[in-house]
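The analysis underlying the following values was restricted to heavy atoms, covering all of them including side chains, and did not include hydrogens, waters or symmetry mates.
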Amino acid sequence: MKFTAEQIAGILEGEVVGNPNAEVSRLSKIEEGEEGSLTFLANPKYINYIYTTKATVTIVNDSFIPEQEITTTLIKVEDAYASFSKLLHFYNQVKLNKNGIEPQSFMSEGTKYGENLYLGSFSYIGQNVVLGNNVKIYPNSFIGDNVVVGDNVFIFAGAKIYSETVIGNNCTIHSGTIIGADGFGFVPNEEGVYSKVPQIGNVIIEDNVDIGANTTIDRATLGSTIIRQGVKLDNQIQIAHNVEIGKNTVIAAQSGVAGSTKIGENCMIGGQVGIAGHLTIGNNVRLQAQSGVARNIKDDETLQGTPSLGYTDFNKSYVHFKNLPKIVAEVEEIKKQIINPKNGNNG
């Protein structure tokens with residue numbers, strides 16, 4: 001899809017300096033710009049590239065005045081970085097704005113759906129499913145029975161949404177994600193043989209949640225596993241049964257939360273963090289990467305390490321840990337001096 005400089009300036013409320021009919025069909029970095037591409041200049045460190053870029057159109061701050069001849073058409077805006085971000089969002093919406101039901105997809109009778117549905121090939125929609133407006137379900141996706149999906153939701157290729165799951169508005173679920181699989185519930189008998197505990201709850205995902213690729217969120221044993229509004233989950237995260245994650249909390253890749261743990265609002269959890277089950281994590285908590293959490297955490301704490309310590313205590317301890325060989329050598333030297341003083345005896 002092609003856009004002219006004039007059309008882009010209209011979206012960004014900017015001013016064209018150069019050819020208003022210059023056409024672009026793709027985006028690029030300023031140093032890698034090619035004919036037919038759109039780029040931007042916001043960081044002064046890259047200013048030299050504007051004189052050599054081959055990009056057809058460049059977004060710049062309205063204070064920019066070229067000191068040499070340029071070949072690219074300029075779009076002057078108040079804030080080039082913010083405008084380019086706005087344009088990326090617009091571009092993404094246009095690119096992903098597919099409509100219609102493709103062949104080889106299956107939709108059960110009784111499915112209710114709103115306007116502008118896109119259902120990709122080889123996708124399956126179960127019984128009693130309700131889909132809102134502007135729902136986009138990409139190929140090879142599975143939507144189980146009794147699932148409810150709100151408006152403006154993207155479900156990318158290969159995602160699996162098990163039965164009874166509820167998804168709010170403006171959510172994005174990336175490829176390979178599985179929502180609503182059974183929680184890890186087993187009970188041993190006297191012989192140590194494990195029997196499965198039926199998992200009959202569901203998963204509730206509130207509005208404005210993003211879920212990365214290959215992340216899994218298990219259904220509750222009873223009740224609901226709940227992901228509150230505004231939560232952002234990275235790729236390859238495991239959320240166990242009956243977990244609740246508070247609004248606007250973000251969790252980085254390869255982290256895991258065990259069953260029935262409650263995480264508060266506005267928390268930031270780094271990559272490869274492990275959180276044990278049946279804990280309560282307060283609001284505004286910061287967990288540094290690779291932390292192991294085995295206790296309740298109060299509001300506003302910052303922790304690191306395994307088992308996790310207060311962030312300041314961890315850093316102080318780590319200094320000693322790095323110096324441990326030197327400290328041991330000094331202790332051994334002191335022991336020698338005590339046992340073998342200079343006069344050669346200990347009496």
Looking at [X] and [Y], would you say the former's side chain and the latter's main chain have a donor-acceptor pair under 3.5 Å?
X    : Y    : value
N61  : S63  : no
D207 : Q229 : no
S175 : A157 : yes
E32  : K29  : no

Could you tell me which non-hydrogen atom of [X] sits nearest to which non-hydrogen atom of [Y], and how far apart they are?
X    : Y    : value
A252 : G270 : CB-C, 3.6 Å
G150 : V135 : O-CG2, 3.2 Å
N19  : A5   : O-CB, 3.7 Å
G259 : A240 : N-CB, 3.4 Å
S121 : P103 : OG-O, 2.9 Å
V16  : P20  : CG1-CA, 3.9 Å

Could you grab the distance from atom [atom1] of [X] to atom [atom2] of [Y], nearest 0.5 Å is fine?
X    : Y    : atom1 : atom2 : answer
L41  : I30  : CG    : CD1   : 4.5 Å
I125 : I101 : CD1   : CD1   : 9.0 Å
I167 : I161 : CD1   : CD1   : 4.5 Å
I281 : L303 : CD1   : CG    : 8.0 Å
N266 : T249 : CG    : OG1   : 6.0 Å
N242 : T261 : CG    : OG1   : 10.5 Å

*Within residues 151-161 or reaching into it, pairs that qualify as side-chain hydrogen bond (donor to acceptor under 3.5 Å, both in side chains) - sequence neighbours excluded*: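 Listed once each, the pairs are N134-N152, N152-N170.
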
*Any pair with a residue in residues 192-204 that passes side-chain hydrogen bond (donor to acceptor under 3.5 Å, both in side chains), sequence neighbours left out, goes on the list, sorted by first then second residue, please.*
D182-K196, Q199-T221, Q199-H241, N202-S224

Do [X] and [Y] land in one hydrophobic cluster if side-chain heavy atoms of ILVMFWY residues count as linked below 4.5 Å?
X    : Y    : value
V77  : F90  : yes
I75  : L27  : yes
I226 : I239 : no
V153 : Y124 : no
M107 : V129 : yes

Measuring only between side-chain heavy atoms, which start at C-beta, is [X] closer than 4.5 Å to [Y]?
X    : Y    : result
D234 : T215 : no
T177 : L233 : no
H174 : F154 : no
I275 : I263 : yes
F84  : L12  : no
L74  : I50  : yes
I143 : I155 : yes
L287 : I297 : yes

Listed partners of [X] passing salt bridge (Lys or Arg N to Asp or Glu O under 4.0 Å), at least two apart:
X    : answer
E333 : none
K232 : D210
E6   : none
E34  : R26

*Residues forming a side-chain contact (heavy atoms from CB on, under 4.5 Å) with N92, sequence neighbours excluded*: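 Partners of N92 by the side-chain contact (heavy atoms from CB on, under 4.5 Å) criterion, ordered by chain and then number, come out as K95, L96.
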
*List in chain and number order the residues that pass side-chain contact (heavy atoms from CB on, under 4.5 Å) with Q7, two or more places apart in sequence or in another chain; answer none if no residue qualifies.*
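side-chain contact (heavy atoms from CB on, under 4.5 Å) list for Q7, sorted by chain: F3, T4.
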
Restricting to pairs with a member in [range], which pass salt bridge (charged side-chain N to carboxylate O under 4.0 Å, His left out), not counting sequence neighbours?
range            : result
residues 258-283 : none
residues 243-258 : R228-E244
residues 46-71   : none
residues 130-147 : none

*N146 and E164: side-chain donor and acceptor closer than 3.5 Å?*
yes

_When you compare the side chains of D218 and Q238, does any donor N or O come within less than 3.5 Å of an acceptor on the partner?_
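Result is yes, a qualifying pair exists.
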
*How are the rings of Y162 and F142 set relative to one another: parallel (under 30°), tilted (30 to 60°) or perpendicular (over 60°)?*
perpendicular

*Looking at I59, T56, T58, T72, which one forms a side chain to side chain contact (heavy atoms under 4.5 Å, CB included) with L38?*
I59

*For the pair E13 and K86, find out whether any cationic side-chain nitrogen is under 4.0 Å from an anionic carboxylate oxygen.*
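A salt bridge is absent here (no side-chain N lies under 4.0 Å from a carboxylate O).
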
*Counting only heavy atoms not in E31, do more than 12 fall under 6.0 Å of its CD?*
yes

*Should the heavy atoms of other residues, nucleotides or ligands under 6.0 Å from OH of Y81 be counted, would the total exceed 12?*
no

